[in-house]
Every structure is written in C-alpha cells, then in structure tokens.
Trainee: 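Please read through the structure below; I'll follow up with questions.
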Amino acid sequence: MRNTIVSLISIILGLIAGGLLMLFIGASPVEGYTYLFQGALKNISRIGDTLATATPLIFTGLAVAFAFRTGLFNIGAAGQMLIGGLAATAVALTMDLSRPILILVMVLAGIIGGSLWAFIPGLLKARFNVHEVVSTIMMNWIAYWVVYYIVPANFKGGTETESKLISETASLKMPLLTEMFQGSYINMGIFFAVLAVIVIAFIINKTTLGYELKAVGFNRHAAEYAGMRVNRNIILSMLISGALAGLGGVALYTGNASSMQIGILPSQGYDGIAVALLGANSPIGVFFAAVLFGILYSGTGFMNAMIEIPPELANTIIAIIIYFAATSVLIQRVFNKFRNTKTNSNDVAGPVGKKGES
Amino acid sequence: MSYVVEMLNIRKEFPGIVANDNITLTLKKGEIHALLGENGAGKSTLMGVLFGMYQPEKGIIKIREKEVRITNPNVANQLGIGMVHQHFKLVENFTVTENIILGSEPLKGMVLDIDKAAKRIAELSKHYGLNVDPHAKIEDISVGMQQRVEIMKMLYREAEVLIFDEPTAVLTPQEIDELMKIMRNLIKENKSIIIITHKLKEIKAVADRCTVIRRGKGIGTVNVKETSEAALAEMMVGRHVNFKVDKKASTPGDVVLQIDSISVKNNRKVMGLKNFSIEVRRGEIVGIAGVEGNGQSELVEAITGLRKVESGEISLNGKEITNIPIRQRIDSGIGHIPEDRHKRGLVLDYTLENNMVLEIYNKKPFAKFGLLNGSAIKSYAKKILENFDVRSGEGGVSIARTLSGGNQQKAIIGREMELDPDLLIAVQPTRGLDVGSIEYIHKRLIEHRDRGKAVLLISLELDEVLQLSDRIAIVNNGDLIGTVNASETNENEVGLMMAGVNKERSV
C-alpha cells in the first residue's frame, strides 16, 4: 500500500517535471501529454503496440525484482536476453518442426540460454564470493560479442549486421491477435509475460522455495543457521532470474522483431532495473511499471510527429520518475510528516524500532 | 529544589501500542537518576521523547523550569541534553578527535583546526578522568573507551543533562566500575545524569533516585538509599522476583552429546579449540565457563555445523554427526539459541510469524507439496509468542526488527524450546534481559532438563553458569582446563580455572 502510493507520487512528480520541461522548450504540456497518451492508447492498434513494447520490460523487470528479493543484484538482464534470444532464433532458423512444438522448443531454448548466462555469475558468487554486479556486467559484454560473432557467421541475413528473418511459423506473432489489434505487432509474448508475473508472485509469496530464497536474501547468516543451503539458493535464484530475462529476449527477438541485430545491447536489460525499482520489486508492481514505460516509449513518436517536442523527452520523464522512485525515502518522509500533522501518531519505526536496526 | 528536567504526564502512542502512558520523570541538578523497567516497558521511548526523536501526544517537558518543545535531536542538543546510545554512533576509521568534532568542526580561516580541538579534548579528558587519547582511531580502541568518546562528545558540546541508554550492556566488569567512577565525577561538576537500565546492582551502586515504569505506565519514583534490590525488582515486574534458581539435584541419564577430542579453527585460521572432549547427558545442564573468545564460539559452531571440524568426532545420541549438514543436525534434535540474535537468530525483515518457523517452514503442517500453510504458521507462532510473553506492536505480523532486544531474545528462545530438542545449546540466553525475564528463562531451561533433555549452557556471566549448571567445564585458550561439579565448587575456583590454572581434581 505504502509502496504503491510512493510509486504513484513518483510518477505524478515525474510527469509534472516533464511538463515543466515542455514549457521550458516552449510547448504546451497539455498538448504534449495529450499527444503522448494518444500515441500510446488512441486506438486498438496503438494499444497493442504499447503492450508489445511493455512485454520484454515485464520479463526483465521480473528478472531484476526476483533476484533483488533474494538479495542479488542482477545487472546482467541485457546479456541474458541476448543469449536467450540468440538461442530461440537459432532454433527458429534451424529446426523444422510443427508450429506448437517449434514455439515450445524456442521458449525452452530461451529459458536455458538466459539461465545459463546467469548461472555463471551465480556459481562465481556461491563458490568464490565474486560480486554479482561485476560478473553480470562482464557477462553482458561476453554476450554482446558472442552475438556479434555467431550471427554473421551462421545466420547472416540481408545485411552484414542482421540475422536472417525467422519464418512466420516460428514467430510469436499470431495472425488472430494481429488482426484483433488491427495490424499491431503485439504477440503471444504478452501472455507468457502475464503468466510469468503470476508464477513469480506465487513462488515468492506462497511457496517454501520463496520463503527460503527471501530468507537468504534478507539474512544469509540466519538462513545458514536454520539449515538452508545458502549457496544452492544463490545459484537457483540466479537461474530463475536469468530464465526470465532469457524469455524477455525470446519475446523481443522472435515476437516484437523477427531478426537479431548485432552490436546492440538491448536497452530493456537496464530498463528492467528501473521497472523493478518503480514496481517496488513486487511482480504486480513490475507489471504496471512496465506498462507505464511501454506507454511512454510508444507514445513518444506520435507526440514528436504532432508537435515539436523531441522524442528524447520520454526518456527524460522516465529518468525523472526513476529519480523520485529511487529517493522514495524522501517521499515517505514528506508523506509521514503530512500524516503526522493530522494525527500525530505515525512514527513508522514503532516504539523501539531504533534498537533493532543495528 | 530546582529541577533541570521535568517530564510531566507524558503520553506517546505507536500504532497498536501505548508506549508511554502518563509518565512523570523529574531530574534534579547534580543527581544520577535511574530509569528502570522491563524490556519493552517504554524506557527508550521516554528518552526518545526527551531527546526529540518522538513527539508526545500529551504532556509537558520543562527544561530549567521553562516549558519547551523538543522537535528534533538538534533542539535537544541546544538545550544541553546529550545522549549516549546503546549502539555507538562513531565513524570507525576516524580518530577520536575527528569523531567528537563531527558536525561542529572548528575552523581556522578556511581549514579545520584539529589541533585546537584535540587540545581541548585532552583537557576535558584530564578534567573528568576519562583517559581518552584524542589521536587514537576508533577501530583501535576498546569498547569501553569508545563509550568514553561518546561521553566526551556530549561534554565537548557542553551538555548539562546526559542520558545513558543501557551503558553497561557492552562493558566488562572492570569497565563498568570505571564508568561508575566517571559518572560520579560528572555529577561533582554539576552535570545531571539519567541512566536507562534494568540492572539493579548498578542502580544501587550509583543512582540517587530511581523512576520505575512497567508496561508503559509510571509506577513511581523512589530514593535508592531507602529501598532494596528486591523491592525495586518487584516494582519493575509487578510481582515478587526470585533471584535464586530453584532446582532439584540432577539425575543424569544416557549420553546425548559426545564430543571426542575435536579441534576447530577460529576466524584467524588458527586452532581456536584444541583436542576438546566433553559429554552432556540427558537430564543435566553442562555449563561452559570462560572469558569471552576462549573457544566457546568455535565449540558451539562445531556442534551446530556452522564451522568445520578439523579432527575428532561429535556424536548425538550415539550417531556420528561430525560432518552432516546443518539441517540434518536440527532434525536429529539440536536446538540452538545463538549468541548473536541479529546475525543468526532472526531474519529481521521477516514477520515474527515467519521467524517462528525458520527451521521447520518446509515440514508438515506448515508446508505441503512446497506450498506454505499460512494459518498453521500463524497459530503455531501465536502459541509461542503467548507462551513466552513476547510483546510487540502488532503480534505475530510485527516485523522482527521493530521489537525490543529482550523481546527478540524471548521469541528465539521460545522457537528453539518449542522444537523440544534432545540437546539445547543456549549461548548467552539471558543477555540483555531484565530480571523478570531472566527468572523465567532460567526456569524454562531447568524444566527442559527435568524433562530428560540435555542442555549445554554457554554464558559469560559466571553467576548464571554457577547457578544453572549441574556440571561446569572451564575453557581457556581453546583448551579444556577441567570439569567440576557445580555443587562442589565456587566462584573462586572456577575463576582461577578460567584464568588457566589447572586443578588436579576433575570429574
């Protein structure tokens, strides 16, 4: 509840700041935002595009949030996406299977690719206490160059920098869905994403696995004391996180797009950190945060076309929202002060909160 | 008579709990005033109100007979109120001087004037007999001296009223004597002191008057000279407290824990425990006596599986457990009240309910097919929390972090006792608890013994070891010096053995 309010306040403050920026460059904020939201939501096709834009973000947001809940900072979602996407693309381009089985194998390949890429930092952390922030960033660059090498060598498409296009049989796009959304590039990735949100929320909140992973995340010494296998949990948590990011890669490269480009780390990897932060690391929160990012990203082109506001503004607004979310402590403090003056009885720390902190 | 501080009819509420209800405390100039109460009675909250950390709902605060509103700690500082917190607030890799001037750095033109400050600190140190080296780094000095640095911080800022929050909890007996001396020096210089504590001995030793609070309510203020420890304890707990532990003679049965010449490395990678052997039988409490850091932690961690055993053998109920995983040890009947409740004992960000099933969350009825059963956990936790009188704002759904230290400890003890382990390892089980809770915990440990279970007690408080144990093993520098029957020994003998003097007699 408190987190939701903080996130909403961050969003509102971010939008206000964006409006001020529009004023500053001489445009009307009302008009700007009208076009921005129209661009994202005006008709059914644009709504479809917005959801499709949000899909990989849901996966990477979940990946980061899940790892974070278990005490790990997975910065490597981008690399895990690349390898997941590469694995799925490779399957799509080389295997001759019927559509349902092909898609299933592609999804599995994406899961395996992503989790393999996260397994290595997990193992390094568990065995040698190598900090996962460093190793996941390194793995991003390894993934970047792996794609750079493998795609032109094995799956060269029309240009030097692109893979072959995957066939329609292999694409996550469904004719029925495309038709329903009047030609949007929305695809079945969004269903996988919703499913992932539900599954992850279930694991975190209702299962002994979630209980254990969270305990390790909060206090690994106490977890060890209670007989939990801390190292196994670290690796397991990275595997699940990587699998989610890998699925994000599948959705991006075989759903939203139909080919892979070399020389690009997908921005959704790092955006996932922002999505997780704004969503307060809860799966449901991640879903809504990703949709909001989807709206901002997909509406910005229309806004730019209609009035002279540069498309970079969407990124600026997102950045400001993230600043406010990241400094949520400040928002909470203001919020508490406001409530205190009304009821004067809301010290959140509790009667002896101070003692327990050390 | 002039009062420096008057807190009149203070009321402070938190969600779900009234922490202070109509409490009055007055502090005379030049007196040491003790604030006594059980864990979670509201002592820290009351001082938090005085120090500006909390705003009271009702009541008046007067400083030097003028009514004031203390909205934050800075205001308190300006009014001449200083506080030494239980957990020191010092920058480890700064020097004493740098720590003391932090926040009010003296300048010479544009640059820091450390030398001037250091000189003043040296003067103050001499004046009050604090014996603080202004140029030493915090990380290099003892806990006792760190506390004196905190005291110096207040003196440097010319505080008139000094609040000490459980200052003796972290000190050795010698350091406690030292602190008492310093306090007496301070009041000679016309400072006034409030000391928060639940240690009756110290109140008798140093305080002039004592205000007692119980469950958030003010019980009264007494002159310490005209009262006794027993009377104070009764005021604090609300019933008669028995200081002596009642227990029958033990009737040891089969061996539960058998340790056969184990060696264990300590954190510095040298042997912290050498060829150590001991056995604990059903129906007895074996106490380990020793000065801190003489191999006790290594012993406990070797038995519980948190530390690797280099050589030797440990068996439980006749089965070897030297190298089996921690969970299997718990399942085969080892309960462990850990030394550090924040590091090992609790997941502070979990609710109490979740903490109560920390070792058994994956067992029936709390889990089935990998799914947690919330209502089973809830009712199980409720039983423990009621049984052990764990007080918290919102019961089982309170976050463990928000509880007072004593209540956290009671929750851990309740959890471990509820497992009904064949071997209960209790490390410092009553650290930081008030007399009422100590009495209760001691009774429960003896009950556990009388039900035919084995208890291994590790405590730095010699009194506790002597009173509770049936047999006492004394360690020094990782060696077992000897084992004595508790009924045939005394403080002197054990004390000598703790210092490493080997006696011929052993049991």
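Per chain, numbering begins at 1; letters A, B, ... match sequence-line order. Being a predicted model, the structure only gives us computed values, none of them experimental. Computed from heavy atoms alone, side chains included, the values below leave out hydrogens, waters and symmetry copies.
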Trainee: Which one of Asn362(B), Asp340(B), Leu306(B), Asn407(B) has the most heavy-atom pairs closer than 4.5 Å to chain A?
Mentor: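 Among Asn362(B), Asp340(B), Leu306(B), Asn407(B), the one with the most close pairs to chain A is Leu306(B).
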
Trainee: Do Tyr54(B) and Phe14(B) make the cut of ring centroids closer than 6.0 angstrom?
Mentor: yes

Trainee: Please check: side-chain N/O of Arg214(B) versus main-chain N/O of Glu38(B), any donor-acceptor pairing under 3.5 Å?
Mentor: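 Flag not set: sc Arg214(B) to bb Glu38(B) has no pair under 3.5 Å.
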
Trainee: What part of Leu371(B) gets closer than 4.5 Å to chain A, counting heavy atoms only: side chain, backbone, both or neither?
Mentor: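 Both parts, backbone and side chain.
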
Trainee: For this output row, return yes or no: ring centroids of Tyr361(B) and Phe366(B) closer than 6.0 angstrom.
Mentor: no

Trainee: Specify which of Arg344(B), Glu359(B), Glu394(B), Glu301(B) makes the most heavy-atom pairs with chain A at under 4.5 Å.
Mentor: Arg344(B)

Trainee: Indicate the ring-plane relationship of Tyr350(B) and Tyr211(A), choosing parallel, tilted or perpendicular according to the 30° and 60° boundaries.
Mentor: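 Tilted, since the angle between the ring planes falls between 30° and 60°.
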
Trainee: Under the 3.5 angstrom rule, does the side chain of Asn219(A) hit a backbone N or O of Lys343(B) as a donor-acceptor pair?
Mentor: yes

Trainee: Name the region of Arg391(B), side chain, backbone, both or neither, that has any atom closer than 4.5 Å to a heavy atom of chain A.
Mentor: neither

Trainee: Tell me which of these, Val357(B), Ile360(B), Asn355(B), Thr304(B), has more heavy-atom pairs under 4.5 Å with chain A than the rest.
Mentor: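 Most pairs with chain A among the choices: Val357(B).
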
Trainee: Flag the one option from Ala223(A), Ala226(A), Gly210(A) with the top tally of heavy-atom pairs under 4.5 Å to chain B.
Mentor: Ala226(A)

